[in-house]
Structures are given as C-alpha cells and as structure tokens.
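Worksheet for the structure shown next.
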Amino acid sequence: MPSVFIKTYGCQMNERDSEAVAAQLVAKGYTLAAHESVADVVLLNTCSVRDLAEQKAIWKMENVAGIARKEGRQPILGFMGCMAQSRGKQLVEALPDVDLVLGTQKFHRAAEYLDELLAGRQTQIVDTADEDGSQATIREHLLTGAADKKSVTAFVSIMQGCNQHCTFCIVPFTRGEERSRTIPDIVAECRELVARGVREVTLLGQIVTSYGKRDYPLREGKSAFVQLIEAVHEIDGLERIRFTSPHPKGYGDDLIEAFGRLPKLVESAHLPLQSGSDRLLKLMHRGYTRERFAEIIGKLRRVRPGIGLSTDIIVGFPGETEADFEETLALCRQLEFDLAYVFKYSPRKDTPAAAMPDQLPEAVIEERHQRLMTLTNELAARKYDALIGSTVEILVEGPSRKNPARYEGRTRSNKIVVFPGSERHQGQLLNLRIERTGSFTLYGDPAVIGMDEEVSAGPALLSA
Ligand code: 5AD
C-alpha cells in the first residue's frame, strides 16, 4: 500500500484537519511515512493567514518536487487547506509537478482523489468547491497509543468558517461561511475519544464562540456554544475542556458564568485583542472597544482568579500611528497577558485592509513588532516567575518536546510544565511544585509531592 507524508502549516484547526486526513488514509491501508523523501504521496496542508506562511509552503513544495525529480522519483504531490482554497488551479499552473489541490471543504475526499491519481485514471485534480455538510466530516482521529501524547488530549472540530469579516483577515475567503456540527454529533465524538483514553478535549473552530448560532436558539440566556460546553461537560472520565479560537465578543455573561460553574472548563482563555486603539479596532471591524475588552478580562479574572490569558496582536495595520501603537502597549501593560502572539500586518488578497491607504513601511512594522514583543515577553516572564513555589495540577501529555529525557504536561491555565517523569505518568493528573521557570516553561519538582498519587480518583490510564 502507498505511504503518505503530511506536513502541516498554521493553526490547530489545520493540525486537526491533517490528522483527520491521515486517519482517513490509514483506514484505507496507507502507511504514514517518516519523511517526505520516502513517501509515495506528499501533502502540504497550508495556511494563508500571512504571506510568509504561503511562501513557506510553496518553497517546500518546490524543494520536495526538485529533489524527487533529481532522484528519479514521482511521488503524488498535493496542496490542501487554506492556500489550496484561495489559489486553486493557479497552484498547478505555477507548479506543474503538483497533482492535487484540495480545498478546505474537501478533506474527506483525499482518499478518493489519491486513488484516482495513483491508479493513473486522472493526472491532476483541483477541487475547491463548497460542499454542504463538510463541517461534519472532520471526525476521525489517529490515537496511536502510549508514547503518543495525542492519546491524552485531542482536538475536536465543532464548526467551520467565519462571518466576522475583520478587514485584515483572509479566513472568511478560505474557510467560508460559519457552519456548525450538531451537539449530539460532537458529544458522541468526545465520548469515543474518552473511551479511548483521552482526558482533555479542545473544541476547535475559526470562531468557536459563534458556534451553532443559527441552529440552536438561546436557552435560559445561554448561547449555543455554552449549551455545547455543558453537554460535553457531562461526559464521565473527561477531565478538561478547552476551546479555540474565540472572538472577544463571544465572552458574554453566559460564557463567563460557565467558567465559574463548570469545573472541567479550565481556567484558560484566549482573547485576540489585535489592537489597543479604538480607532484601529473600528477600522479592523472587531466589534469591541478597549474598554469592553478590559471589562471582559476583569470579569474572567473575578470568576477564575489565576486564569491564564493569551492574546493575538497585529502591529502595523494600515494607518497605525505611533499614538495608536502606544495605546496597544499601554493596554498590554494594564492587562498582563500570560502569552501574546504578536504578528506583523500582512496584506491579504481580497481583504478590505489591503486596499486601505497608509500601508506602513516594513521598517516601522519591524520596529513596533520588536518593541511589543519585548514588552509582552517581559510581562509573561513575570507571570511565570510568580508561580515558583506554588503547586499546580498538570495533565501529563508525554515526553517533553524540549528535552525528551523528561516528561511534560500542561497546567489548567495552559502552561507547559517539564518534570522528570516516565511513561507510567502519561495521562495522569499530577500535582507538582514549581521550582524554576524557563522561556514559557515551568519546571516541576517530583520529589516534593507524592508523584504516584493521582489527583483525581480516576484510574491511571497508562500506568506501566
Ligand atoms: N496580518 C497579520 N496577522 C494576521 N492575523 C490574521 N490576519 C492577519 C494579517 N493579515 C493574525 C491575527 C489572528 C491570528 C490568528 O493571526 O492576530 O488572531
């Protein structure tokens, strides 16, 4: 049977889509290749959110195709996902070695199209059409056993698309209109995952806080998204629920109240700020002011003290003045995020912001990017340092990515903790004392706390 190598660019939604494609192909008898150079099929699952992400995938494809040609191999080459959707057949025109272009509503057709290509019945397939019901097709998982952290945590895709139309953002064009799966379908998937050993799920979508708006009316003042969280919360054996990515406007009182009421909903929230200037927030079409944003954070901290808060910020949006930028700096100082992803504005095809006047010079964007990163990293380091000496609960995910001789898990507030564990800790909830910090990492001491005792009453899933 053929082997496939999938490389993923971009967000967690892309990772999840790649996993679903891999699971689909494995179910058809494909093997997963360890490297692109030995695969019969190489698929790049692409990201369009900034130009650099697109360029990286194109360079990679040129490189893979060039090496294969030199070595006399002819693997099937495919682009999937957001850039496949936005560029479509331009990709095969520019890169004739590419055999397959699979849009964001077509992941479930990967096996069928690869069959055609491998059998030589077709030589090139480009499919970026819309497909009704595609939101319910990202369902299969690859949970591959004890040494794989995926058996402890899993991503669950709950919806696709976004109707917010922020003026900088390409997502409405690459992912289409908001379409949600049903609550019973999502709950059934989560239940199966828990039965297979998963203890934490992350509910995924481009704008999860708008989940199910058209399908489920408010019930006792609760949005469809809160109704979904409540239904997932019922699952016995599930310990933790996360979600991403939300929109700040979705943190209504019903969701904030849910944080106070539902213990499995961990104290961690992502709130993409984008800018601290009301003038820019309006130009960006974000739908909130800096004051409203700060108010949401205040409410979240009141219901869940210690909640971990992360954000996304864009610097260099068209027309951003030094005064606008300083408002962003000031708001970051005030709000003290645990983690901020700072992005340089990148003009995207078909977006209103790309046509706005006063596009800023690269040097200005670069300088603001540096200044904001310096500030937010310093503020984050203080948050991490403040945890030294405290005891935190972690869910052990597997060997540490930074140091494979150690193990790692995540706190409820979404911070990575590295500690000297072993395979028998995988999947356990442990209390650890934080001894020191590194760059966005906490180091826990196993000697201090009874490491063999799980925090919860649940059985150790994978004890050796
Ligand atoms: N340029 C730079 N950053 C962007 N993002 C989205 N679109 C752009 C763009 N055109 C950032 C936003 C978003 C994150 C996923 O990517 O901050 O929250």
Side-chain angles (χ1 to χ4, degrees), residues 1-11 13-26 28 30-131 134 137-138 170-171 173-176 348-350:
M1 275 313 269
S3 64
V4 58
F5 182 82
I6 304 178
K7 183 169 171 64
T8 308
Y9 296 83
C11 62
M13 282 68 89
N14 284 11
E15 279 180 43
R16 176 69 195 105
D17 295 337
S18 292
E19 188 199 16
V21 170
Q24 177 197 142
L25 296 178
V26 167
K28 299 271 180 202
Y30 284 71
T31 57
L32 299 178
H35 192 263
E36 70 229 19
S37 60
V38 294
D40 302 310
V41 177
V42 178
L43 300 174
L44 303 186
N45 193 8
T46 56
C47 170
S48 285
V49 80
R50 283 169 293 277
D51 188 56
L52 187 62
E54 293 206 351
Q55 292 311 323
K56 275 187 190 164
I58 290 172
W59 293 328
K60 181 73 187 175
M61 190 59 95
E62 285 172 343
N63 181 261
V64 171
I67 292 174
R69 233 182 290 123
K70 220 183 276 169
E71 293 177 357
R73 290 182 292 111
Q74 281 197 310
I76 300 286
L77 301 178
F79 281 116
M80 326 187 273
C82 288
M83 185 176 67
Q85 187 69 39
S86 76
R87 297 200 182 197
K89 68 173 178 353
Q90 285 168 19
L91 286 169
V92 286
E93 286 159 8
L95 296 158
D97 290 301
V98 170
D99 308 283
L100 176 64
V101 176
L102 201 61
T104 53
Q105 304 195 22
K106 298 292 172 182
F107 290 111
H108 58 294
R109 304 228 174 263
E112 172 190 331
Y113 289 158
L114 288 174
D115 271 0
E116 292 290 300
L117 294 165
L118 284 161
R121 286 189 293 272
Q122 296 199 54
T123 52
Q124 211 161 54
I125 299 175
V126 176
D127 188 359
T128 58
D130 290 351
E131 186 168 326
S134 66
T137 62
I138 302 299
I170 199 170
V171 166
F173 306 101
T174 58
R175 291 286 181 162
R348 309 313 296 130
K349 192 172 85 175
D350 299 332

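If you're wondering where the values come from, they're calculated on a predicted model, not measured in any experiment.
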Output a table of donor-acceptor pairs, distance under 3.5 Å, between side-chain atoms of residues 76-86 and any protein atom two or more places apart or on a different chain; print 'none' if there are none.
{"from": "Gln85", "atom 1": "OE1", "to": "Thr104", "atom 2": "N", "distance (Å)": "2.8"}
{"from": "Gln85", "atom 1": "OE1", "to": "Thr104", "atom 2": "OG1", "distance (Å)": "3.3"}
{"from": "Gln85", "atom 1": "NE2", "to": "Thr128", "atom 2": "O", "distance (Å)": "2.8"}

Given Phe107 and Thr137, is the side-chain contact (heavy atoms from CB on, under 4.5 Å) satisfied, shown in steps?
-> CA-CA 8 Å; Phe107 290 111; Thr137 62; 5.7 Å; no

To the nearest 0.5 Å, atom CG of Leu114 lies from atom CD1 of Ile125 at 8.0 Å

How long is the span from the OG atom in Ser48 to the CZ atom in Arg175, to the nearest 0.5 Å?
-> 9.5 Å

Which atom names give the shortest non-hydrogen contact between Ala68 and Pro75, and what distance separates them?
-> CB-CD, 3.6 Å

Is there a side-chain contact between Gln124 and Val101, using heavy atoms and a 4.5 Å cut-off?
-> no

Between Ala20 and Ile138, the two heavy atoms sitting closest are CB-CG2, 3.9 Å

Tell me, yes or no, whether the heavy-atom count around Gln74 atom CD, taken from other residues, nucleotides or ligands under 6.0 Å, exceeds 12.
-> no

Approximate separation, where rounding is to 0.5 Å, of Leu43 CG and Leu25 CG | 7.0 Å

Output every pair passing side chain to side chain donor-acceptor pair (under 3.5 Å) with a member in residues 89-99, not counting sequence neighbours, ordered by first then second residue.
-> Arg69-Asp97

Could you go through the side-chain contact (heavy atoms from CB on, under 4.5 Å) check for Leu95 and Glu62 one step at a time?
-> CA-CA 7 Å; Leu95 296 158; Glu62 285 172 343; 3.3 Å; yes

Calculate, to the nearest 0.5 Å, the distance between atoms CG and OH belonging to Leu118 and Tyr113 respectively.
-> 15.0 Å

What pair of heavy atoms forms the shortest contact from Ala94 to Pro96, and how long is it?
-> O-CD, 3.5 Å

Is Lys7 close enough and on-axis enough to Tyr9, meaning under 6.0 Å and within 45°, for cation-pi?
-> yes

Asn14 backbone acceptor or donor facing Asn45 side chain under 3.5 Å = yes

Between Thr174, Val126, Val92, Ile58, which is the residue that forms a side-chain contact (heavy atoms from CB on, under 4.5 Å) with Arg87?
-> Ile58

Exactly one of Val64, Ile6, Val4 clears side-chain contact (heavy atoms from CB on, under 4.5 Å) with Val42, and that residue is Val64

State the NE2-CD distance between His108 and Gln24, to the nearest 0.5 angstrom.
-> 8.5 Å

On a heavy-atom basis, the closest approach of Asp40 and Ser3 is OD2-N, 2.7 Å

Enter the distance from Thr46:OG1 to Met61:CE here, rounded to the nearest 0.5 Å.
-> 9.0 Å

Ionic contact status for Glu116 with Arg109, cut-off 4.0 Å | no

